[in-house]
Number of protein chains: 2
Amino acid sequence: MARPTMAIDDAGQGLDYGFLADRIGFLLRMASVINLAQLARDTPDKAHTSQRMSVLALVAANPGTSQVRLSEALRLSRPAATLAVDFWQERGCMERRVDPDDRRSYGLFLTPAGEALVPLFAEISREAEVSLRDRLTEAEAVELRRLLVKIID
Amino acid sequence: MARPTMAIDDAGQGLDYGFLADRIGFLLRMASVINLAQLARDTPDKAHTSQRMSVLALVAANPGTSQVRLSEALRLSRPAATLAVDFWQERGCMERRVDPDDRRSYGLFLTPAGEALVPLFAEISREAEVSLRDRLTEAEAVELRRLLVKIID
DNA sequence: TATTGTTATACTCTATAACTATA
DNA sequence: TATAGTTATAGAGTATAACAATA
């Protein structure tokens, strides 16, 4: 039985994806790459990367959370979380407040400058989301989200 | 109406994902990160990264293809494709053959050493694929693949 | 002993700009 | 002029190991 000829992508101009065509993991990465590229195009300040926006959004939704919990939620190493928090703190958008109950850790909080960025980032990521969903019906988008959450949970 | 409390991830320990929970793009990235981590764990030689394995697999399936077509199919920049081909060529797994019809470009081919890696990589990526699909029914995996191809195409 | 966070280090990935060679 | 590929450069992301401070 012949492999179904799969033009995953017009840009591929008929390249055969071999065993990669059968790998959901590979397709996830390609879809994510496409979305990250769109998001980067939509973001005026190129230092505001997807990961850094995610960090800011997570602190916004969870004021006082710690770097460890941040790194676990985004599946980053602790050093990566340190650097991301450093980035926002240096720009006056995030604060580390000492936790009197556990002086090893910090509570993370947004400054007013950081809070002001949240709705902007929500809007930018909504735009990239629209170009993603444009290729799906509403029902398909709902189903895709459900399946992704099932994988991640 | 309150946002549905979404524990995307146990590791998040109840962190609220804020607007990220509504972004398929974010969920795609998280799912891909999980899969890439699993793939890296399953790969004995840590220099054999996901991207490099993809490059080898694509040349295996398309002997004689060029670096430009490779970069388009994997959505890499041309310099990134150059570096990936350099990597495999330095290790004796890939050859650049001059194309007599267009001496600007090379035809890419695997050496016997490169060919020997293809089934190994197919097996490694199949293992990571199994842990991904473990969380889905067969019908869900089929549907997820269909939706991802729709996004990528 | 274990945990939180930082620093040092190294490697991967990625892109843009400028370049050479060829078409 | 346009295309294929390379080099130079820089920045982003990532991880491990070793460390300090605290629990």
Side-chain angles (χ1 to χ4, degrees), chain A residues 11 13 29-30 32-41 43 45-55 59 64-91 94-108, chain B residues 11 13 29-30 32-41 43 45-55 59 64-91 94-108:
Chain A
Q13 291 170 354
R29 183 158 62 93
M30 294 300 290
S32 180
V33 163
I34 290 170
N35 182 249
L36 288 173
Q38 181 63 52
L39 186 63
R41 278 192 292 274
T43 307
D45 185 335
K46 299 311 177 191
H48 292 167
T49 61
S50 167
Q51 193 227 52
R52 288 168 178 164
M53 289 194 274
S54 298
V55 166
V59 174
T65 195
S66 70
Q67 292 182 199
V68 165
R69 287 201 288 164
L70 199 60
S71 68
E72 287 169 345
L74 294 177
R75 298 185 178 263
L76 302 173
S77 64
R78 267 169 288 201
T82 293
L83 295 174
V85 172
D86 284 350
F87 174 88
W88 288 119
Q89 192 176 42
E90 286 162 10
R91 281 157 184 78
M94 199 177 284
E95 287 177 3
R96 289 170 162 111
R97 297 190 196 156
V98 286
D99 178 347
D101 294 339
D102 184 347
R103 278 158 46 228
R104 292 173 302 184
S105 75
Y106 298 112
L108 301 175
Chain B
Q13 291 169 356
R29 183 158 63 94
M30 295 300 290
S32 181
V33 164
I34 289 169
N35 182 248
L36 289 172
Q38 181 63 53
L39 187 63
R41 277 192 294 275
T43 307
D45 185 335
K46 299 311 176 189
H48 292 165
T49 61
S50 166
Q51 193 229 49
R52 287 167 179 166
M53 290 195 275
S54 299
V55 166
V59 174
T65 194
S66 70
Q67 293 181 196
V68 165
R69 287 201 289 165
L70 198 60
S71 68
E72 286 169 347
L74 295 176
R75 297 181 178 267
L76 302 173
S77 63
R78 266 168 291 204
T82 294
L83 295 174
V85 172
D86 284 350
F87 174 89
W88 288 119
Q89 192 175 42
E90 285 161 11
R91 280 157 185 79
M94 199 177 283
E95 288 177 3
R96 289 171 162 109
R97 299 190 196 155
V98 286
D99 179 346
D101 294 339
D102 183 346
R103 280 159 44 229
R104 291 172 302 181
S105 76
Y106 298 113
L108 302 174

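In what follows, every chain begins at residue 1, and chains take the letters A, B, ... in the order their sequences are listed.
- Side-chain nitrogen and oxygen atoms of B:Arg103 include none within less than 4.0 Å of the OP1 or OP2 phosphate oxygen of D:dA4.
- Remark: P of D:dA12 and CG of A:Asp86 are 14 Å apart, rounded to the nearest angstrom.
- Distance, B:Arg29 CZ to C:dT14 P: 14 Å, rounded to whole Å.
- To the nearest angstrom, P of C:dA8 lies 12 Å from CG of A:Leu83.
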Identify each atom pair where a protein N or O and an N or O of nucleotides 3-5 of chain C are less than 3.5 Å apart, giving names and distance.
{"from": "C:dT3", "atom 1": "O4'", "to": "A:Arg104", "atom 2": "NH1", "distance (Å)": "3.1"}
{"from": "C:dT3", "atom 1": "O2", "to": "A:Arg104", "atom 2": "NH1", "distance (Å)": "3.0"}
{"from": "C:dG5", "atom 1": "OP1", "to": "A:Gln67", "atom 2": "N", "distance (Å)": "3.4"}
{"from": "C:dG5", "atom 1": "OP1", "to": "A:Tyr106", "atom 2": "N", "distance (Å)": "3.1"}
{"from": "C:dG5", "atom 1": "OP2", "to": "A:Gln67", "atom 2": "N", "distance (Å)": "3.4"}
{"from": "C:dG5", "atom 1": "OP2", "to": "A:Val68", "atom 2": "N", "distance (Å)": "2.7"}

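- Rounded to an integer number of Å, the gap from CG of A:Leu39 to P of D:dA12 is 15 Å.
- Heavy-atom minimum distance, B:Ala81 versus B:Gln67: CB-O, 3.9 Å.
- The interatomic distance linking A:Arg41 (CZ) with C:dT14 (C1') rounds to 14 Å, in whole Å.
- In this structure A:Gln38 satisfies the side-chain hydrogen bond (donor to acceptor under 3.5 Å, both in side chains) test together with A:Arg41, A:Asp42, sequence neighbours excluded.
- Of the two residues contacting DNA chain C, namely A:Ala81 and B:Pro79, the nearest-nucleotide position lying further toward the 5' end is that of A:Ala81.
- Summarising the geometry of A:Arg52 relative to A:Ala47, their closest heavy-atom pair is NH1-O, 3.0 Å, with the distance given to 0.1 Å.
- The separation between A:Leu70 atom CG and C:dT6 atom P is 11 Å, rounded to whole Å.
- Rounded to a whole Å, the CD atom of A:Gln38 is 17 Å from the C1' atom of C:dT14.
- Once rounded to the nearest 0.5 Å, the distance linking CG of A:Asp86 with CZ of A:Arg91 reads 10.0 Å.
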Check: protein-nucleotides 11-13 of chain C nitrogen or oxygen pairs below 3.5 Å:
{"from": "C:dT12", "atom 1": "OP1", "to": "B:Arg52", "atom 2": "NH1", "distance (Å)": "3.4"}
{"from": "C:dC13", "atom 1": "OP1", "to": "B:Thr49", "atom 2": "OG1", "distance (Å)": "2.9"}
{"from": "C:dC13", "atom 1": "OP2", "to": "B:Thr49", "atom 2": "OG1", "distance (Å)": "3.2"}

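- Taking the six-membered ring for Trp and thresholds of 30 and 60 degrees, A:Phe87 and A:His48 have ring planes more than 60 degrees apart, a perpendicular arrangement.
- Here B:Arg104 pairs with B:Asp102 under the side-chain hydrogen bond (donor to acceptor under 3.5 Å, both in side chains) rule; sequence neighbours left out.
- Residues B:Gln51 and B:Ala84 come closest through the heavy atom pair OE1-CB, 4.1 Å.
- Take A:Thr49 and apply the side-chain hydrogen bond (donor to acceptor under 3.5 Å, both in side chains) test, not counting sequence neighbours, and it matches no residue.
- Residues satisfying the side-chain hydrogen bond (donor to acceptor under 3.5 Å, both in side chains) criterion with B:Arg78, sequence neighbours excluded, are absent altogether.
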